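Small disclaimer: the values here were computed from a predicted structure and weren't measured.
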Amino acid sequence: QVQLVESGGGLVQAGGSLRLSCAASGDIFRVNSMGWYRQPPGKQRELVAIITAGGTTNYADSVKGRFTISRDNAKNTVYLQMTSLKPEDTAVYYCNLNKFGSIAWGQGTQVTVSS
C-alpha cells in the first residue's frame, strides 16, 4: 500500500510560480516512476511530468521549459516547480506513483492561475 499526499496548490497570477510537493509513504520500495498529472475543469486528466527511478524526466509539450519535476529520495518526496504559469495551467494536480503491480494516486491539489 502506498499513500501520496500533495500540497502547495493555490491561487497565483499569470506569470507567477508555484511549487507542488508530493510526499509518499507506505510500500514505496522499488518505485518505477513518479509523476504529476492534472485535470482542468471539464476535461480529462493528462500527464504533466514524470521522473523515473533512474532520474530520467519527461514532460508534456505544454509545460516544457516552464515546469520542472524533481525528487528528494531522503524525504520520499517529489516536487513540481511551476514557473511562468498561464491560466490554462489551472487544474487539479495529482501525484502518481508507479511500481510493479501497483499504481497510486494522491487526493489532488488545486492550482488556479488568474488573468
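- Distance check, rounded to the nearest 0.5 Å: CD1 of I50 to OH of Y59 gives 10.0 Å.
- Here CZ of R71 is found 12.5 Å from OG1 of T77. Values are rounded to the nearest 0.5 Å.
- Here L97 contributes atom CG and C22 contributes atom SG; the two are 7.5 Å apart, rounded to the nearest 0.5 Å.
- Taking CG of L20 as the start and SG of C95 as the end, the distance is 9.5 Å to the nearest 0.5 Å.
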Inset, instruction - Go through the steps for L18 and Q81 under the test side-chain contact (heavy atoms from CB on, under 4.5 Å), then give the verdict. - result: CA-CA 6 Å; L18 202 62; Q81 179 66 51; over 6 Å; no
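- No chain of hydrophobic side-chain contacts below 4.5 Å, direct or via other Ile, Leu, Val, Met, Phe, Trp or Tyr residues, connects Y79 to L85.
- No side-chain heavy atom of Y93 sits less than 4.5 Å from a side-chain heavy atom of Q39.
- Counting only heavy atoms from C-beta outward, the side chains of I28 and K99 never approach each other to under 4.5 Å.
- Side-chain atoms of V78 and I69, non-hydrogen and from C-beta on, do get closer than 4.5 Å to each other.
- The pair D61-K64 meets the salt-bridge criterion, with a side-chain N (NZ, NE, NH1 or NH2) lying under 4.0 Å from an Asp/Glu carboxylate O.
- The minimum heavy-atom distance linking L80 with A49 is given by the pair CD1-CB, 4.3 Å.
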Inset, instruction - Start with the C-alpha distance between T83 and F67, add both sets of side-chain angles, then the distance that settles side-chain contact (heavy atoms from CB on, under 4.5 Å), and finish with yes or no. - result: CA-CA 6 Å; T83 61; F67 291 10; 5.6 Å; no
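- The distance from the CH2 atom of W36 to the CG atom of N96 is 10.5 Å, given to the nearest 0.5 Å.
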Show which side-chain atoms of residues 101-114 pair as donor or acceptor with protein atoms under 3.5 Å away, not counting sequence neighbours.
| residue | atom | partner | partner atom | Å |
| --- | --- | --- | --- | --- |
| Q107 | NE2 | E6 | O | 3.2 |
| Q107 | NE2 | E6 | OE1 | 3.4 |
| T109 | OG1 | G9 | N | 3.2 |
| Q110 | NE2 | A91 | O | 3.4 |
| Q110 | NE2 | T112 | OG1 | 3.2 |
| S114 | OG | V12 | O | 3.4 |

Inset, instruction - For the pair Q1 and D27, evaluate side-chain contact (heavy atoms from CB on, under 4.5 Å) and give the outcome as yes or no after the intermediate values. - result: CA-CA 5 Å; Q1 297 279 79; D27 184 11; 5.6 Å; no
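- Rounding to the nearest 0.5 angstrom, the gap separating the CZ atom in R38 from the CD atom in Q44 is 14.0 Å.
- For the pair R45 and Y94, the cation-pi test (distance below 6.0 Å, angle within 45°) is passed.
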